[in-house]
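Since the structure comes first, as structure tokens, the remarks are kept for the end.
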Amino acid sequence: YDLMLKLLKEAGVQPDESFKNFLAIVFERKRQKYLELMVDVYEDLEVEAKGKIPVDVISAYELSDEELEQLAKFVKKHALREPVFRKKVDESLIAGVKLEFQGMSYDVSIIGRLRKIARDVFRKG
């Protein structure tokens with residue numbers, strides 16, 4: 001907490017009491033691990049305030065503009081809003097993508113399909 005206040009002061013930022021209280025809650029109670037989640041939530045709120053929808057897209061490789069355009073059409077069709085993508089690459093997907101928006105998850109990756117096949121095989125036993 002004190003280190004954060006010192007860093008802010010060196011950066012020329014003078015936090016108000018509310019922000020100091022926020023820092024105290026986060027750092028004195030060892031909740032730093034939640035900062036990334038807090039930033040994500042704040043960014044999502046900013047996107048939604050603009051009438052758009054935040055979308056997490058995880059792909060096996062860096063997506064091309066054409067692929068992102070196709071994904072944007074899919075999201076617009078289902079969410080009726082313009083998507084703002086938060087992109088991440090996860091090579092373990094092998095190929096394909098996972099989309100997450102509006103509390104829903106769409107997995108059209110190879111590894112996702114293999115997992116579904118495995119679950120179906122075990123269910124049928």
Side-chain angles (χ1 to χ4, degrees):
Y1 171 75
D2 292 329
L3 177 61
M4 283 301 298
L5 289 177
K6 182 180 176 185
L7 290 171
L8 288 170
K9 185 177 180 181
E10 288 176 10
V13 176
Q14 184 57 39
D16 60 13
E17 276 309 304
S18 298
F19 192 70
K20 285 180 183 178
N21 291 338
F22 170 76
L23 289 177
I25 290 168
V26 170
F27 288 97
E28 289 180 356
R29 296 186 184 159
K30 311 243 186 280
R31 294 183 173 144
Q32 301 90 310
K33 62 184 174 186
Y34 299 113
L35 280 175
E36 185 176 350
L37 176 62
M38 288 182 221
V39 169
D40 288 346
V41 168
Y42 178 77
E43 288 173 350
D44 288 353
L45 290 172
E46 276 189 319
V47 168
E48 289 175 358
K50 295 175 184 172
K52 298 181 179 184
I53 184 165
V55 179
D56 290 323
V57 59
I58 305 165
S59 58
Y61 55 87
E62 196 69 37
L63 297 172
S64 70
D65 290 340
E66 289 176 29
E67 291 166 321
L68 286 170
E69 198 173 302
Q70 291 299 315
L71 291 174
K73 286 179 185 178
F74 174 82
V75 172
K76 284 181 205 173
K77 179 180 175 184
H78 293 281
L80 305 175
R81 290 189 278 164
E82 182 81 25
V84 174
F85 293 118
R86 187 171 32 222
K87 299 175 274 188
K88 182 178 174 185
V89 172
D90 180 356
E91 294 177 358
S92 72
L93 296 179
I94 303 172
V97 297
K98 289 170 63 174
L99 289 174
E100 295 177 5
F101 62 95
Q102 289 184 324
M104 299 295 291
S105 181
Y106 301 89
D107 187 346
V108 290
S109 67
I110 297 297
I111 197 70
R113 289 181 183 175
L114 291 173
R115 286 183 180 138
K116 183 181 181 321
I117 291 168
R119 279 193 305 269
D120 291 346
V121 167
F122 287 118
R123 281 188 196 139
K124 293 177 184 176

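Side-chain atoms are counted along with the backbone in the values below, which use heavy atoms only and exclude waters and symmetry mates. Just so it is clear, the structure is predicted and the values come from calculations on it, not from any experiment.
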Worksheet entry | salt bridge (charged side-chain N to carboxylate O under 4.0 Å, His left out) contacts in which one or both residues fall within residues 89-117, not counting sequence neighbours | K116-D120

Fill in: Minimum heavy-atom distance between A60 and V89, given as atom pair plus value
O-CG1, 3.7 Å

Worksheet item: If Ile, Leu, Val, Met, Phe, Trp and Tyr residues are connected whenever their side-chain heavy atoms lie under 4.5 Å apart, and connections chain through other members, are V108 and Y61 in the same group?
Response: yes

Worksheet entry | Any K52 side-chain heavy atom under 4.5 Å of P83 side chain | no

Worksheet item: In the hydrophobic clustering (ILVMFWY, side-chain contacts below 4.5 Å, transitive), which residues join Y42, or is it alone?
Response: none

Worksheet entry | Verdict with reasoning, I53 to V75, per side chain to side chain contact (heavy atoms under 4.5 Å, CB included) | CA-CA 9 Å; I53 184 165; V75 172; 3.9 Å; yes

Fill in: Minimum heavy-atom distance between P54 and F101, given as atom pair plus value
O-CB, 3.6 Å

Worksheet item: Is any side-chain heavy atom of K50 less than 4.5 Å from a side-chain heavy atom of V84?
Response: no

Discussion item. Strictly below 4.0 Å, N to O, side chains only: are R81 and E48 in salt-bridge contact?
Written reply: no

Worksheet item: Are the charged groups of K87 and D56 less than 4.0 angstrom apart, N to O?
Response: no

Worksheet item: How long is the gap from OG on S92 to CD1 on I110, to the nearest 0.5 Å?
Response: 12.5 Å

Worksheet entry | Residues that F74 engages under ring-ring contact (aromatic ring centres under 6.0 Å, His included), provided they are two or more places apart | H78, Y106

Worksheet item: Is the CD atom of Q32 crowded by more than 12 outside heavy atoms at less than 6.0 Å?
Response: yes

Item to complete: Please round to the nearest 0.5 Å and tell me the distance separating atom CE of M38 and atom NZ of K33.
Response: 11.0 Å

Item to complete: Check whether any side-chain heavy atom of L63 lies under 4.5 Å from a side-chain heavy atom of V97, and answer yes or no.
Response: yes

Practice prompt. State, with a plain yes or no, whether a side-chain heavy atom of L93 is found less than 4.5 Å away from one of I58.
Written response: yes

Worksheet item: Residues two or more places apart in sequence or in another chain: which of them pass side-chain contact (heavy atoms from CB on, under 4.5 Å) with F19?
Response: L8, P15, D16, F22, L23

Item to complete: Give every residue pair that meets the salt bridge (charged side-chain N to carboxylate O under 4.0 Å, His left out) criterion with at least one member in residues 61-74, sequence neighbours excluded.
Response: none

Discussion item. Please enumerate all residues that pass salt bridge (Lys or Arg N to Asp or Glu O under 4.0 Å) together with K76, with sequence neighbours excluded.
Written reply: E82

Worksheet, complete the sentence: Rounded to the nearest 0.5 angstrom, the OG-CG distance for S105 and L99 is 8.0 Å

Discussion item. Is any side-chain heavy atom of Y34 closer than 4.5 Å to one of V26?
Written reply: no

